[in-house]
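What you are looking at is a predicted structure, and each value in this text was computed from that prediction instead of being measured.
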There are 2 protein chains.
Amino acid sequence: MARTTIHDIAKELHTTAATVSRALNDHPSISAATKETVKATALRLNYQHNRAASSLRSGKTYVIGVLIPSAEVSFFGSVIHGIEKIAKSQGYNVLLFQTNEQYEDEVQGVQTLLQSNVDGIIASISKETIQYDHFLEVKRRDIPLILFDRSLEGLDVPSVMINDYKGAFMATEHLIEQGFTRIAHISGPQHISIFHERLKGYVDALAAHGMKIDGDLIMYGKVTIDSGRTCAEQLLQLPSPPDAIFAAEDFTALGALQAIKESKWPKPGQIGLVGFANEAFSAYITPSLTTIDQQTALMGEEAAKIFMDLSQKGKKPDLPPQKIVLEPLLVQRESSIKRKPKKKSIP
Amino acid sequence: MARTTIHDIAKELHTTAATVSRALNDHPSISAATKETVKATALRLNYQHNRAASSLRSGKTYVIGVLIPSAEVSFFGSVIHGIEKIAKSQGYNVLLFQTNEQYEDEVQGVQTLLQSNVDGIIASISKETIQYDHFLEVKRRDIPLILFDRSLEGLDVPSVMINDYKGAFMATEHLIEQGFTRIAHISGPQHISIFHERLKGYVDALAAHGMKIDGDLIMYGKVTIDSGRTCAEQLLQLPSPPDAIFAAEDFTALGALQAIKESKWPKPGQIGLVGFANEAFSAYITPSLTTIDQQTALMGEEAAKIFMDLSQKGKKPDLPPQKIVLEPLLVQRESSIKRKPKKKSIP
């Protein structure tokens, strides 16, 4: 039996092949009712949409490739939802590649997405990446490339970030306003700009409030639970330990909280703790974690919108690439509340 | 300037084009030292590996497509790590598509992966899916299709599941052994076999211990935090409320824990709670959650191994598809400990 074509569907419904094609492709000019009728008929006639042929005609695959460091971090999951929201509204699908924070995997990921003929790539750089030849190949092919959250110096492409400096300043200032006076910071690798920016925000907030910067209170962790725990253990053992910790991200804060819980003092509630990222778990741990929200869904939406703009313009113009900087939000929960010491009851 | 070919690299290194090709493709017969030399030379000569051409020759893309319901559930992230481990060892890359638990997205996902010419698809079915025409297209093309965790009745393909019945039986029996006597169960949609199996495991464990099955203590939730909270609130308001809850998965358990914390009684520690899935957060909440581990990494590895087998055999033989059933593991934490009531001190 011959393969069903859109012409067969059009004949059956006394309409044109163009209308059938648009309905099958969810074109906005076609009513929902018509789309439904066309799709039901296509199903009944066992029509197989030949996307490959359709792609050859348009030169598009309607697929956006997204490179993420880890599928196990809810931050990235949330950004993906934002990307998907915009992508779907424009008839695009999203393929994901996980780099596991490894440079080699990221190179493989770029190659795999290019090989899949994606129409564009939205990426967050892995922790390990310090050079970007693999991304230059994307630029060379005139495929839109947009970075989010983490970018690379020198790779001149559009990006959507949050104001990490300001987020860290807000987090530190919040602890100061709560009455904490010896505030430590557990940072991350300093070649990654977001961690360096957060360190600067911490330092400047202390300075702005006339507080001393104490090198003993600044640790450089590895952005993991274990590393957060180890750093906090060292801080608590200082001759003059901190009364609050600002961790550069939530997994580090979670490790620090474990160290606090396992130590003889201070108990949670006696030491202030703020994280960064508003990871899914941060609302559910005890005490719930005060943290900085990065407007993740919005970040994904903005990145996808830049892609749509570049995609519709075709060849990119010689304008400087768009840099969007989102505002961080303080999410105040239990971990940063300063409790007044209980008065001893007189016997 | 002419494009660098593998012949140019071979000439430069006084070796054969076949050796260069194997080295660039990480073939196991080539030593690490040779691979390094070849890759360095390729980089120096600005060689661009033409994967598309390579694919045309072999008929393979060396890409496995993975369909997951959600990138925000750590269960799936962990399975993906298992898949990637095996895939990478065999020179394959993994592309992910998130279905958001929607049937329509799943259909789009299958089409997108087929359009990307993946060599095989490993999938977990979305909660909404009740028919499987889109997967029949994969079978029709003789592309290996392997399901994990959630399968569909009637779709006769290889699968890797865990023994959900046994996991639920173990969870319930654990609560019985702790001394709880009115054990409630918050289940999920019953058209999804894993939730039906877990309900059966719960019922049979009670029966095996001579305990009554009380319909009031069985709730049907929606597998979300909110739904878990609502179901638990209703259970706690029963004239004769439960003294323990077995939730069909960890997000439901998390919602139930919130309801328990917000209620006047019982306090956490006075009511037993067990989840299912060993989600990342379950170790970090307070009390930490007793749950059933599903051997996620192993599940991914086994699914990928089936793909490799089918892929190497080429056309699949007329044998019944392989069904692997993994053993669940009880992870005992704080939430299921039955505390003895404190004796009142005599004044």
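Heavy-atom pairs under 4.5 Å with chain B were tallied for V118(A), V73(A), N100(A); the largest tally goes to N100(A). With respect to chain B, the highest number of heavy-atom pairs below 4.5 Å among D133(A), L95(A), V66(A) belongs to L95(A). Comparing I80(B), N117(B), L254(B) by heavy-atom pairs within less than 4.5 Å of chain A, the highest count is held by L254(B).
Environment of CD in E262(A): crowded, with over 12 heavy atoms of neighbouring residues, nucleotides or ligands closer than 6.0 Å.
Residues R140(A) and E137(A) are paired through a salt bridge, judged by an N-O separation under 4.0 Å between the basic side chain and the carboxylate.
When only modelled atom types and interatomic distance are considered, H134(B) and Q111(B) share no side-chain donor-acceptor pair under 3.5 Å.
Side-chain contact between Y92(B) and S311(B) is present, with at least one heavy-atom pair separated by less than 4.5 Å. By the 4.5 Å heavy-atom criterion applied to side chains, H81(A) and E84(A) are counted as neighbours. In this structure, F251(B) and T224(B) have side chains that are not in contact, with every pair of non-hydrogen atoms separated by 4.5 Å or more.
Looking at S288(B), there are no atoms closer than 4.5 Å to chain A (heavy atoms on both sides), in backbone or side chain. Using a 4.5 Å cut-off between heavy atoms, L114(B) does not touch chain A at all. In this structure, the portion of I225(B) lying under 4.5 Å from any heavy atom of chain A is its side chain and not its backbone.
Counting all heavy atoms, side chain and backbone alike, T99(A) lies closest to L67(A) at CG2-CD2, 4.0 Å.
Listed in order of number, the residues of residues 275-283 of chain A that approach chain B to under 4.5 Å between heavy atoms are F281(A).
F148(B) and F75(B) have tilted rings, their planes meeting at an angle from 30° to 60° on a 0 to 90° scale.
Annotation: side-chain hydrogen bond (donor to acceptor under 3.5 Å, both in side chains) contacts of Y103(B) (sequence neighbours excluded): Q131(B).
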